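Order of the sequence lines fixes the chain letters, A, B, ..., with proteins taken first and strands second; residue numbering starts at 1 for each chain. Everything quoted here is computed from the prediction, not taken from an experiment.
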Amino acid sequence: MAVETQNNASDRLSAEIAGLDALELGGKQRGSIAGRLWGRLWPMGIAVLLVLAVWEIVVLSGRWPEYVLAGPTTVIPELGARLADPEFYSAVAVTMRRALVGFALAMLIGLIIGALVSRIRPLRAGVGSLITGLQTMPSIAWFPLSILLFGLTETAILFVVILGAAPSIANGLIAGVDYTPPILLRAGHMLGFRRLQLYRLVILPASLPSFLAGLKQGWAFAWRSLMAGELLVIIANQASIGEQLHYARELADSAGLLATMIIILFIGIVVDMVFEAADTSLRRRWGLHQARN
Amino acid sequence: MAVETQNNASDRLSAEIAGLDALELGGKQRGSIAGRLWGRLWPMGIAVLLVLAVWEIVVLSGRWPEYVLAGPTTVIPELGARLADPEFYSAVAVTMRRALVGFALAMLIGLIIGALVSRIRPLRAGVGSLITGLQTMPSIAWFPLSILLFGLTETAILFVVILGAAPSIANGLIAGVDYTPPILLRAGHMLGFRRLQLYRLVILPASLPSFLAGLKQGWAFAWRSLMAGELLVIIANQASIGEQLHYARELADSAGLLATMIIILFIGIVVDMVFEAADTSLRRRWGLHQARN
Amino acid sequence: MTAPLTEHTESRPEGATPAVRLAGVSKMYGTGKAGILALDNVDLTVAQGEFVCLLGASGCGKSTMLSLVAGLDAPSAGKIDLDGRRVSLMFQEPALFPWLTVSANVEMALRAKKLDKRQRRASALEFLDMVHLGGFGDKRPHELSGGMRQRVALARSLAQDSDVLLMDEPFGALDAMTRDLLHDELERIWRERTLAVLFVTHNVREAVRLGDRVVLLSSRPGKVVQDFPVTLARPRRTDSTEVARIAAEITDHLRTEVVRHAR
Amino acid sequence: MTAPLTEHTESRPEGATPAVRLAGVSKMYGTGKAGILALDNVDLTVAQGEFVCLLGASGCGKSTMLSLVAGLDAPSAGKIDLDGRRVSLMFQEPALFPWLTVSANVEMALRAKKLDKRQRRASALEFLDMVHLGGFGDKRPHELSGGMRQRVALARSLAQDSDVLLMDEPFGALDAMTRDLLHDELERIWRERTLAVLFVTHNVREAVRLGDRVVLLSSRPGKVVQDFPVTLARPRRTDSTEVARIAAEITDHLRTEVVRHAR
Amino acid sequence: GGGDTASTTSPSGAGAGAPKEVRLGFFPNITHSTALVGVEKGLFAKHLGSGTALKTSTFNAGPAAIEAVFSGAIDATYIGPNPAINAWARSKGQAIKIIAGSASGGVYLVVKPEIKSIEDLKGKKIATPQLGNTQDVALRYLLQEKGFKTNTQGGGDVSIIPQENSQTLQTFATGDIDGAWVPEPFASRLIKESGAKVLVDERDLWPNKQFVITHLIVRQEFAKQHPDTVKKLLEAHVEANAQIASDPAGSAQTVNAALEKLTGKPLKPEVLDPAFKNITFTNDPIASSLVGSADHAVKVGLLEPVDLNGIYDLKVLNEILTAKGQQGVADK
Ligand SMILES: Nc1ncnc2c1ncn2[C@@H]1O[C@H](COP(=O)(O)OP(=O)(O)OP(=O)(O)O)[C@@H](O)[C@H]1O
Ligand SMILES: Nc1ncnc2c1ncn2[C@@H]1O[C@H](COP(=O)(O)OP(=O)(O)OP(=O)(O)O)[C@@H](O)[C@H]1O
Ligand SMILES: [Mg+2]
Ligand SMILES: [Mg+2]
């Protein structure tokens with residue numbers, strides 16, 4: 001109805017103000033894909049260059065010998081050598097597979113535990129605080145139990161990863177549930193939703209932002225647990241990033257350690273970008289992206 | 001004005017319905033302190049008993065020898081012996097001091113980084129994703145750098161703890177800022193608040209729930225990093241929990257390991273309760289505690 | 001009723017089934033000195049098919065009453081009887097789900113009905129058309145104006161299949177024209193479904209335009225102080241002189257009540 | 001003005017300083033086909049010390065206009081000139097800070113003034129008294145009723161020391177009595193401070209009761225279509241016959257405008 | 001953090017005056033008994049004299065100790081052969097020197113009782129403490145000699161599983177592995193707790209039945225600046241080893257007391273006694289075994305060829321030994 005009658009007028013204006021838009025505060029308008037990419041890339045480029053420069057200066061200062069702190073000029077070729085090595089990709093693939101499988105399972109378990117604990121009062125009183133307790137438990141404490149239960153198998157690694165990430169994910173969900181605006185709960189209640197339906201249709205979507213934040217933290221836990229857990233069981237013919245990190249340190253190989261750290265950072269950044277994309281689309285839908293600072 | 005004129009009427013009714021209140025859905029009314037404590041304690045007690053029972057059954061099943069999986073009947077005396085040992089308390093004190101100092105510093109740094117990154121667009125594009133990248137970096141990767149920078153000192157431990165916790169805290173704050181309701185930002189803007197003032201008076205308090213969740217996750221990271229970091233530098237005559245955990249594992253001392261795990265869990269649970277108390281009071285103030293199931 | 005009737009006499013049909021019955025209902029928020037007695041010993045009955053309007057000063061307990069009837073809160077004393085009737089409540093705020101589009105918000109109300117996806121969608125769009133938001137089904141709530149959001153909430157609560165309809169200032173943010181059109185729609189639906197309606201408003205003319213009865217609440221503590229039957233024949237018009245006359249009369253009572261109770 | 005004047009003539013003193021000047025202002029939400037043109041080429045001037053009321057159908061762009069004037073959004077085209085005047089805007093929603101008590105919410109508006117803590121508190125309580133919420137300073141927003149929250153928001157925006165006051169349906173959730181009292185308070189403050197006020201309402205009588213001019217906006221796209229000067233002597237009363245007469249006249253125009261433009 | 005290296009950068013110059021403190025690292029581990037006895041009995045303090053304080057740091061594994069040496073946070077440390085080789089190779093011979101031996105022997109291949117010979121290992125899972133460490137290399141080399149194929153990822157005829165020794169205790173008990181090539185006290189624990197039996201005593205694989213498992217290294221820069229202090233350290237080291245030799249039983253008790261203090265748990269007597277007996281504490285770094293082990297590592301493909309020439313600096317040690325009328329040790 002009204003929308004149609006206005007389209008001509010809006011088209012005209014739309015064209016008129018296109019130039020103006022471009023000048024406006026960035027980010028409010030979606031802008032072109034290239035433009036958005038560029039808006040992300042230049043600050044990243046500068047950040048990377050800055051880090052490299054500081055690093056090289058520290059190394060050049062001669063405060064520490066090269067074998068103690070390798071400089072970019074050593075590490076970058078080392079990194080290049082790895083990237084040229086097919087085995088490297090299989091190591092990354094092994095680790096990523098474990099991370100993703102473990103994380104997916106942790107997500108499922110975290111979701112279930114979070115859902116139960118957040119809504120069942122005695123359960124919450126009984127084991128609510130245990131969740132954070134479990135979160136603070138270092139991965140190595142679980143190693144013996146993990147081996148007892150699963151032997152020298154990949155499942156033992158996954159177990160450690162899940163124990164690392166699931167509490168974090170559950171906590172994110174619980175926080176989200178706790179902060180669901182009461183008016184939305186009441187609205188859901190009035191629409192006749194109870195228990196599972198209320199949970200699925202109202203509480204869960206309302207908690208999504210917090211759940212997403214929990215997922216992000218859970219990923220970090222999963223990854224760190226994995227880096228430790230990959231030493232737990234060394235499975236035939238499967239190199240992994242956790243192993244590489246460990247051996248680089250074992251061999252006092254500064255360049256190798258730094259190269260591995262860069263790889264870990266890179267993966268972390270890529271994963272963060274995925275989360276951020278999800279987050280941005282969520283905020284756009286909720287109408288939170290227009291916030292004026 | 002109106003409030004005064006109603007007090008008599010309300011006093012009367014207040015007395016009348018006191019009995020009714022007690023019967024009403026628990027948790028909506030504050031209730032007596034003893035009652036609330038009891039409401040928390042019995043589910044916890046049941047949870048603990050349940051775990052002990054399952055554990056004892058598994059041990060009694062004889063599936064594994066006692067030195068591989070110690071049972072409650074071994075671990076509880078072991079725990080008792082520790083609790084009777086004054087050195088244990090000094091170990092706890094050492095670890096808690098490090099955890100609290102590290103966490104406080106991480107909080108400060110996380111707050112500053114989170115504040116800057118969340119509000120300065122190029123900074124966010126440049127280093128925003130780096131925060132999660134750093135979060136995924138295992139503590140051991142930082143050890144060489146930490147020793148390089150700080151030698152075998154307590155500062156080296158704190159450095160690892162801060163690198164573990166600060167990104168998490170920063171991420172919590174950033175999520176909170178991102179999800180601050182635009183209408184509150186606009187209201188703050190209309191009241192003439194800009195930049196720092198807007199941040200301090202509007203954004204920060206609005207982000208508090210998410211920040212608190214980030215703090216909780218940050219605590220878990222800090223604690224885990226500390227458990228690893230306490231092995232980095234073993235400072236003369238200072239036993240610590242991280243060390244105890246490590247040695248229990250190194251010596252394959254199942255009872256010792258389980259006793260240390262219980263202690264870690266216990267500390268984690270106590271800390272969680274502190275966070276929960278903060279969270280509950282926050283939700284009460286915001287009017288989120290009345291939420292109907 | 002607890003309040004003395006003035007010139008009007010009770011006009012509610014004696015034999016009508018009561019749909020909502022409040023008996024001695026009180027509601028206290030908080031406890032002790034800081035507590036607020038929002039409702040004090042309220043008795044009220046709404047018959048099936050009856051349209052009751054609730055008037056009262058700001059903060060007198062109207063919303064509280066609706067949320068008690070809806071079962072969202074428990075009364076501190078007294079009893080509320082709905083006899084198993086299904087209630088729907090349109091809140092004072094729009095209370096839309098921000099993560100859903102406008103039409104999905106309305107569809108939420110249709111989940112109880114056995115409809116397939118396409119039918120649900122079509123039905124939601126019908127209700128949106130009814131509140132003059134036909135073209136906005138795919139927008140998100142944050143892209144609407146305040147009045148438009150209120151209309152979505154109205155569509156959502158009308159879409160629900162209930163016996164008792166509770167409405168908390170449903171037209172507060174609308175202009176007079178839109179309001180008039182929606183009055184007609186609401187009246188039509190009320191008749192078709194023989195709903196029991198409890199309708200809160202600050203607009204006395206609106207109350208007279210719509211209500212079979214107009215109930216006056218006093219302020220802190222909220223008590224029923226007057227109960228006016230409105231016997232005008234329907235359809236009525238908001239700007240008719242009869243409505244204006246009765247509204248003026250009720251306004252006078254309201255004024256004296258408000259002055260007598262508060263301050 | 002772009003719209004032809006009808007029977008009334010422009011009554012605004014020729015020499016008055018313009019406080020707010022909108023020239024050819026357009027606002028488009030979104031882009032392309034899905035875009036909505038909320039305001040189209042609006043020209044409007046409000047003089048210092050002038051009280052202008054804005055009327056228009058739901059969703060016609062009134063709130064958009066206020067947020068543009070307040071500088072919360074940038075117009076897609078056109079210019080808005082305030083000459084450095086300080087603006088305060090009372091939103092359509094209360095927009096209170098949930099983590100602060102009621103009085104602390106009002107105190108937020110007093111931070112710009114050089115007051116110590118005690119003075120600020122005292123001043124906040126005065127403003128709360130003014131909106132008849134004297135006893136509620138220590139409550140939290142969630143403990144108030146809808147109308148009470150709106151009054152807190154009113155107190156907060158009145159407490160602000162500004163030259164231009166923008167108000168978006170400030171009395172929408174209030175009963176007629178409270179409304180009348182607050183009209184008087186608002187008028188007093190407006191006179192004392194010689195504010196420029198841009199006041200959005202759906203209540204035509206309220207507009208006539210308060211405004212020096214009543215401006216009519218058409219629907220989608222929002223355009224200024226009429227501009228009525230109100231020359232009645234103050235103090236005016238909402239229920240006076242003159243106000244009713246002018247209001248009826250404006251309502252007629254409004255109706256034809258709404259019918260002509262939308263649908 | 002630079003303050004920690006004050007002693008190395010002190011203006012005193014080479015040999016000019018003693019440093020305020022000397023920072024010594026070791027592990028709370030029975031193979032580090034020389035250090036444990038020396039510290040516990042105050043021998044280091046005695047020899048260093050009042051001018052130089054002894055500051056000890058305990059480490060749990062080689063990498064942390066090497067990191068500390070590299071960064072100048074410690075001056076000398078007891079350490080196993082692999083980290084020393086790594087440190088030497090990484091720093092291209094600049095960071096450290098081995099200045100004395102400390103312990104030899106005490107490493108066994110223990111297996112399930114049903115395994116009677118090396119040939120029986122086919123298809124079995126054998127644990128080692130760490131990929132590329134001496135035990136790992138020894139196992140791989142032995143298997144290679146016997147014609148078995150192995151690889152670094154646990155595949156091949158015999159599956160080699162590098163894992164921490166504590167985990168080996170557990171996985172052996174649960175039957176996940178069939179044997180392990182481990183040092184004391186883990187070998188004795190496997191025998192006592194899980195009924196493992198010795199298949200190979202690593203001593204039998206080496207000439208003179210001797211091979212290094214612990215030695216003392218020093219930061220080169222420190223050695224250059226404070227040769228006198230290094231000498232005093234070595235004097236204490238020699239005295240500690242002498243004490244162990246003269247009173248093995250008493251020393252074992254001293255060691256166990258120190259372990260209890262450091263790790264919270266003493267070793268059980270039935271583990272302590274055999275373990276302590278199986279280790280020989282000697283000043284001889286047994287250079288031939290270090291070089292031999294490195295050779296083997298190259299042969300099984302775990303190490304790039306590395307030139308170990310100059311890794312030893314045994315001049316001062318030999319001076320001390322000669323002064324005591326004992327025989328010197330060789331660096332070949
Ligand atoms: N959650 C709450 N906690 C404490 N007090 C409350 C709460 N909700 C309402 N009140 C108090 O109860 C009284 C009645 O509130 P209610 O919302 O029912 O008023 P109302 O009649 O709907 O007013 P309005 O017309 O302004 O919406 C008010 O004094 C309010 O302060
Ligand atoms: N953030 C937004 N994004 C997209 N469209 C918007 C946004 N805000 C408003 N609109 C659209 O702009 C138009 C005008 O909205 P506005 O809020 O200004 O109306 P209004 O005159 O204040 O209406 P009401 O009386 O209902 O409050 C509406 O059609 C609305 O859908
Ligand atoms: Mg209300
Ligand atoms: Mg509006």
Residue, of Ala141(A), Ala175(A), Ser139(A), that accumulates the most heavy atom pairs under 4.5 Å with chain B = Ala141(A)
Proximal component of Trp42(B), with respect to chain A [non-hydrogen, under 4.5 Å] = side chain
Pick from Arg195(B), Arg124(B), Met273(B), Lys216(B): which one has the most heavy-atom pairs with chain A under 4.5 Å?
-> Lys216(B)
Name the region of Val68(A), side chain, backbone, both or neither, that has any atom closer than 4.5 Å to a heavy atom of chain B.
-> both
Which one of Met261(B), Met227(B), Gln217(B) has the most heavy-atom pairs closer than 4.5 Å to chain A?
-> Gln217(B)
Would you please name every residue forming a ring pair (Phe, Tyr, Trp, His ring centres under 6.0 Å) with Tyr199(A), sequence neighbours left out?
-> none
Sort out for me which of Gln135(B), Arg249(B), Arg283(B) touches chain A most, counting heavy-atom pairs under 4.5 Å.
-> Arg283(B)
What part of Leu265(B) is in contact with chain A, defined as an atom under 4.5 angstrom from a non-hydrogen atom: side chain, backbone, both or neither?
-> both
Minimum-distance pair of heavy atoms, taken over all atoms of Trp223(B) and Thr136(A) | CD1-O, 2.9 Å
Largest heavy-atom contact set with chain A, pairs under 4.5 Å, which of Val270(B), Ile269(B), Leu226(B) | Ile269(B)
Which pair of heavy atoms, one from Leu288(A) and one from Asp178(B), lies closest together, and at what distance?
-> CB-O, 4.2 Å
Pick whichever of Ile264(A), Leu148(A), Val127(A) has the most heavy-atom pairs under 4.5 Å with chain B.
-> Leu148(A)
With sequence neighbours left out, what residues match Thr132(B) under side-chain hydrogen bond (donor to acceptor under 3.5 Å, both in side chains)?
-> Asp272(A), Asn171(B)
Side chain, backbone, both or neither of Ser168(B) within contact of chain A (heavy atoms, under 4.5 Å) = both
Is it the side chain or the backbone of Leu257(B) that comes within 4.5 Å of chain A heavy atoms, both, or neither?
-> side chain
So which part of Ala47(B) gets closer than 4.5 Å to some heavy atom of chain A, the side chain, the backbone, both or neither?
-> side chain
Side chain, backbone, both or neither: which part of Leu134(A) has a non-hydrogen atom closer than 4.5 Å to chain B?
-> both
Would the number of heavy atoms belonging to other residues, nucleotides or ligands and lying under 6.0 Å from CG of Leu49(A) be above 12?
-> yes
Under 3.5 Å: donor-acceptor pair, side chain of Arg224(A), backbone of Met137(B) = yes
Closest heavy-atom pair, Pro43(B) versus Ala125(A), reported as atoms and distance to 0.1 Å, is CG-CB, 3.7 Å
Between Trp286(A) and Tyr179(B), how do the two ring planes meet: parallel, tilted or perpendicular, split at 30° and 60°?
-> perpendicular
If one checks every heavy atom of Glu276(B) against chain A at 4.5 Å, the contacting part turns out to be side chain
Under a 4.5 Å heavy-atom cutoff, which of Leu212(B), Asp279(B), Ile140(B) has the most pairs with chain A?
-> Asp279(B)
Under 4.5 Å to a heavy atom of chain B? For Phe143(A) that would be side chain
Between Pro209(B), Ala213(B), Gly242(B), Gly268(B), which shows the greatest number of heavy-atom pairs under 4.5 Å with chain A?
-> Pro209(B)
